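Bear in mind that the values here come from a model prediction, so they are computed numbers and not experimental data. Remember, it's 1-based here, ligands and their atoms both numbered in the order they're listed.
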Amino acid sequence: MSKKIWLSSPHMGGTEQKYVQEAFDTNWVAPLGPNVNAFEQGLENYLGEDTYVAALSSGTAAIHLALVLLGVSQGDEVLCQSFTFSASANPIVYQGATPVFIDSELETWNLCPEQLEIAILDRLKKGKKPKAIIAVHLYGMPYNVTKIHELGLKYEIPIIEDSAEALGSKVGTKKCGAFGDYSILSFNGNKIITSSGGGALVTNGSVEKEKAIFLATQARDNAPHYEHSAIGYNYRMSNIVAGVGRGQLEVLEDRVLARRNNYNYYKDQVENNDFLFLSEPDNYFSNRWLTCILTPSFEIREKIRLSLEKKNIESRPLWKPMHMQPIFKGCDSFKNGNSENLFNIGLCLPSGSNLTENELERIVGVLNSF
Ligand SMILES: *Cc1c(COP(=O)(O)O)cnc(C)c1O
């Protein structure tokens, strides 16, 4: 059997162990320390645009804290992109609030501006203004930031930008992770850079950053004993984990280039014109976290997936929309059929930045046998 090809595996740059070793050498083996500070600083420098970053234990924790900071609570509604990973939506339920799911547009596969506005107007008519909008840059492709943020401003609803898959992506010169009222990043093992597991909340001000860190470290008031006037969380990133993240941040641009090269390789080498790739709208720059193809039908998609599996190559259907998930079946949704169709016919191809030429040839060999 030839060696397994993974969908998206970790790819160390070389300096990660140095930072981890420093943490041991100085005994900063705790959820704070020089690596945490330097990682946050590095991300703030990278994102620019007056961003403030709080390093956390996961991207999911970051979404949860964004909702807490926005005051989302019991009985509130939050509008959420349906075509996404469940971690975008689960924290809404942690807060006792209710997600309302919005379908996708075909240009970016992300939040559809028309459906979003229909949903907002419907909710306003019912006298129930949504507390927040969660918009996602899926697979690294930025959502329609112009139209979505116009709607956010028009109806005065804050936007949580889920940039878990899009570190390194841009619209114009502005980086994904810098668009939202709150933005979140993930450094899980399969993301474009990894800290082995971790995330970050990006805010527009230092006050919000401090509030996030306060909540993420058990909400301890200023007193010699343990005094609490708010419910806290244990969501801070460890200094060991931040050491890995710090090393990875140094190679981010290389990782983006490698993933974009994968996309271009597939696009050039796949012969069958029935397989469609998602192109970048003008001015959009995707980190191409995962390269996906759309096939002519569910049956063909499954044939390809199983043929790849037989050759020890991992691939995966696109995200199953949240409005189709059993756990969310009671939730309202605003649909146009796009995300359901993408789920039925789409396939994510191996996209790691450490794929070899030989591995890419093996994958394309299978694709070209159709
Ligand atoms: C990975 C991911 C998350 C969650 O990040 P974690 O760090 O794994 O908690 C949230 N949203 C999207 C779209 C993701 O892909």
Closest non-hydrogen contact found for Asn368 with Asn272 is OD1-N, 4.4 Å

Quick one: which ligand 1 atoms are inside 4.0 Å of a heavy atom on [X]?
X	value
Thr84	13 (C)
Ala87	3 (C), 4 (C), 10 (C)
Asn188	8 (O)
Thr60	4 (C), 5 (O), 6 (P), 9 (O)
Ser58	7 (O), 9 (O)
Ala164	2 (C), 3 (C), 10 (C), 11 (N), 12 (C), 14 (C)
Val136	13 (C)

Ring-ring centroid check Phe101 Phe328, cutoff 6.0 Å:
yes

Residue set satisfying salt bridge (charged side-chain N to carboxylate O under 4.0 Å, His left out) with Glu16, at least two apart, ordered chain then number -> none

Just by distance, with hydrogens left out, do [X] and [Y] show a side-chain donor and acceptor under 3.5 Å apart?
X	Y	value
Tyr284	His137	no
Tyr46	Gln41	no
Asn262	Ser351	no

Nearest protein heavy atom with distance in Å, relative to [atom]:
atom	value
atom 1 (C) of ligand 1	Lys191 NZ, 1.6 Å
atom 15 (O) of ligand 1	Glu165 OE2, 2.6 Å
atom 11 (N) of ligand 1	Asp162 OD2, 2.8 Å

Plane angle bin for Tyr139 and Phe83 - parallel if under 30°, tilted between 30 and 60°, otherwise perpendicular:
perpendicular

Using the six-membered ring wherever Trp is involved, compare the ring planes of Tyr233 and Tyr235 and label them parallel, tilted or perpendicular (cut-offs 30° and 60°).
parallel

Heavy-atom gap [X] to ligand 1 smaller than 4.0 Å:
X	result
Ser88	yes
Gly197	no
His137	no

Counting neighbours of NZ on Lys129 that are heavy atoms of other residues, nucleotides or ligands and sit closer than 6.0 Å, is the number greater than 12?
yes

Would you say Lys3 has more than 12 foreign heavy atoms packed within less than 6.0 Å of its NZ?
no

For Ile63 and ligand 1, does the shortest N/O to N/O distance drop below 3.5 Å?
no

Kindly identify the option in Gly199, Ser163, Gly198, Ser186 whose heavy atom sits closest to atom 5 (O) of ligand 1.
Ser186

